[in-house]
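Working notes, structure below.
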There are 2 protein chains.
Amino acid sequence: MNKTTLFHKLVAFTTSVHRVTHELTKDAKADHITSVQYNILELIAVSQPVTPSQISDCQHLSLPNTSRELKKLREKNLIEKVGDPEDGRKQHIRLTKEGEQMMDKSFQLIETRFLNRIQNASKEDLDEIDQAIDILQRKLFY
Amino acid sequence: MNKTTLFHKLVAFTTSVHRVTHELTKDAKADHITSVQYNILELIAVSQPVTPSQISDCQHLSLPNTSRELKKLREKNLIEKVGDPEDGRKQHIRLTKEGEQMMDKSFQLIETRFLNRIQNASKEDLDEIDQAIDILQRKLFY
DNA sequence: CCACCTACTTATCATTTGATAAGCAAAATA
DNA sequence: TATTTTGCTTATCAAATGATAAGTAGGTGG
């Protein structure tokens, strides 16, 4: 296996992943939030509670801009902010009930589309997919 | 293999793919072009020649906005436009010499980072990665 | 030939996003 | 205790992006 050949394969592969991700997630976000806001909500949903700094790091967004978007999300009642009792500078962000519901709805739509995509896969196919993901996760996308 | 479990795994996986893609490609684009423009150039580089309509479809960009960005890229001498001899409405877009050079430079940087990432992988690892990509490409990200 | 459709362009406007400066309070450090 | 650093916020400006209307020229089918 030539490494440069593998690289070209990787390029094609990541392109496919991006394309399929887009197909699965398109229109999954409510109209009243922007893409950046949706990405932030996704991050919070998966790993709440998070601090603005963590969001800033993960989303490659400056802290001022992160702060601005979080403020907008708070005004929409999708997230809430709790001060850290140990460190008065830190803030912990989590979804509100309303935010949870909104994200649940999005995730469900995405999952439905995913299930639809693999509906014809056999049990063996699913096992293969599962193992392939493990390998790539461990050896390439760590 | 439970399908919902697999779905959660896929979510984590695509997140990793996006993160690593970002690591490999960050700052790969020249400063004087925007991300949207870079993505367009990448598409052209990989599948030239392409028509504005094709670019519009693949990049999920309206035709007017595609046209605007292509105009900017033409003004920067990175792409050129050739009319279709059979259908006077169509345009074929390809990279100029300068555009090719720019994209080559980007791709080389990305490849270097990729090689660096897999430098410790054994021959067996590479074969496994190769096969795993094939499986996912065929059964999930088609 | 005429109406309609396709491929693309130009123009314009609102919104989103990115970048930067300045400020504040809490915590760490000297 | 004075100074610096950290975590976050507010404000402001420029640039990028998205959406839409309107126009041109070439093609297609009646």
Side-chain angles (χ1 to χ4, degrees), chain A residues 18 22 25-44 47-94, chain B residues 18 22 25-44 47-94:
Chain A
H18 283 87
H22 182 267
T25 60
K26 98 173 143 190
D27 305 321
K29 73 163 189 55
D31 286 338
H32 60 285
I33 57 170
T34 69
S35 325
V36 169
Q37 286 165 9
Y38 178 79
N39 290 335
I40 292 176
L41 287 174
E42 246 183 21
L43 171 62
I44 299 173
S47 47
Q48 57 186 329
V50 270
T51 66
S53 299
Q54 290 173 316
I55 296 173
S56 170
D57 286 346
C58 297
Q59 303 285 320
H60 314 292
L61 209 55
S62 74
L63 198 49
N65 290 337
T66 303
S67 187
R68 175 186 61 200
E69 298 309 320
L70 288 177
K71 187 183 180 185
K72 288 179 189 164
L73 289 172
R74 216 157 350 106
E75 283 162 357
K76 294 183 211 280
N77 280 312
L78 296 171
I79 62 170
E80 62 196 359
K81 187 165 82 151
V82 187
D84 185 319
E86 317 216 314
D87 187 334
R89 295 167 301 181
K90 289 186 183 169
Q91 298 291 333
H92 295 293
I93 312 290
R94 41 174 69 262
Chain B
H18 282 87
H22 182 266
T25 59
K26 101 174 141 190
D27 305 323
K29 72 163 190 54
D31 287 336
H32 60 285
I33 58 169
T34 70
S35 324
V36 170
Q37 285 165 10
Y38 178 78
N39 290 336
I40 293 175
L41 287 174
E42 244 183 23
L43 171 63
I44 300 173
S47 46
Q48 56 187 330
V50 270
T51 67
S53 299
Q54 290 173 316
I55 296 173
S56 170
D57 287 345
C58 297
Q59 304 285 318
H60 314 290
L61 210 55
S62 73
L63 198 50
N65 290 338
T66 302
S67 186
R68 174 185 61 199
E69 298 310 319
L70 289 177
K71 187 181 181 186
K72 288 179 190 165
L73 289 172
R74 219 160 345 109
E75 283 163 358
K76 295 184 211 280
N77 280 311
L78 296 171
I79 62 169
E80 61 195 0
K81 190 165 79 151
V82 187
D84 185 319
E86 319 217 313
D87 187 335
R89 296 166 302 178
K90 288 186 184 169
Q91 297 293 331
H92 295 293
I93 313 289
R94 40 173 71 262

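Note on naming: letters A, B, ... go to the chains in the order of the sequence lines (proteins, then strands), and numbering restarts at 1 for each one.
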Specify the separation, in whole Å, of atom [atom1] of [X] and atom [atom2] of [N].
X       : N      : atom1 : atom2 : answer
B:Tyr38 : D:dT17 : OH    : P     : 15 Å
B:Arg68 : D:dA15 : CZ    : P     : 15 Å
A:Leu63 : D:dT5  : CG    : P     : 18 Å
A:Ile40 : C:dT16 : CD1   : P     : 13 Å
A:Lys71 : C:dT16 : NZ    : P     : 15 Å
B:His60 : D:dT17 : NE2   : P     : 15 Å
B:Lys90 : D:dG27 : NZ    : C1'   : 11 Å
A:Asp31 : C:dT15 : CG    : C1'   : 14 Å

5'-most by nearest nucleotide on DNA chain C - A:Asp84 or A:Ile33: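 This one resolves to A:Ile33.
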5' precedence on DNA chain C between A:Ser35 and A:Asp87 (nearest-nucleotide basis):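 Here A:Ser35 is the residue nearer the 5' end.
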Using OP1 and OP2 only, check whether a side-chain N or O of A:Thr34 sits under 4.0 Å from C:dT15.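 A:Thr34 to C:dT15 OP1/OP2: no side-chain N or O under 4.0 Å.
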Check whether any side-chain nitrogen or oxygen of A:Lys81 sits under 4.0 Å from OP1 or OP2 of D:dT9, and answer yes or no.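 Yes.
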Choosing from [options], which nucleotide comes nearest the side chain of [X]?
X       : options                : result
B:Leu61 : C:dT10, C:dA19, D:dG18 : D:dG18
B:Ser62 : C:dA19, D:dA19, C:dT10 : D:dA19
A:Val36 : C:dT17, D:dG18, C:dT20 : C:dT17

Value rounded to 0.5 Å, distance of CG in B:Asn65 from CD in B:Gln59: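 The CG atom of B:Asn65 sits 12.5 Å away from the CD atom of B:Gln59.
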Would you say NZ of A:Lys90 has more than 12 non-hydrogen atoms from neighbouring residues, nucleotides or ligands within 6.0 angstrom?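 Not more than 12 within 6.0 Å, no.
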So what does A:Glu86 touch, heavy atoms closer than 4.0 Å: a base, only the sugar-phosphate, or nothing?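 Answer is sugar-phosphate: A:Glu86 comes under 4.0 Å of backbone atoms only.
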Assign A:Thr51 to base, sugar-phosphate, or nothing according to its heavy-atom contacts below 4.0 angstrom with the strands shown.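 Answer is sugar-phosphate: A:Thr51 comes under 4.0 Å of backbone atoms only.
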Electrostatic pair A:Glu75:A:Lys72 at N-O distance under 4.0 angstrom: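 Salt bridge between A:Glu75 and A:Lys72, a charged N being under 4.0 Å from a carboxylate O: no.
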5' precedence on DNA chain D between B:Lys72 and B:Pro64 (nearest-nucleotide basis):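 Checking each residue's closest nucleotide, the 5'-ward one belongs to B:Lys72.
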Decide yes or no, distance alone: a donor-acceptor N/O pair under 3.5 angstrom between the base of D:dA19 and the side-chain of B:Asn65.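 Such a pair is found, so the answer is yes.
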Can you tell if the side chain of A:Pro52 reaches within under 4.5 Å of the side chain of A:Leu70, non-hydrogen atoms only?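 Result yes, sub-4.5 Å side-chain heavy-atom pair found.
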Parallel, tilted or perpendicular: rings of B:His18 and A:His18 (30°, 60°):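 Taking B:His18 first and then A:His18, their aromatic rings stand perpendicular (interplane angle over 60°).
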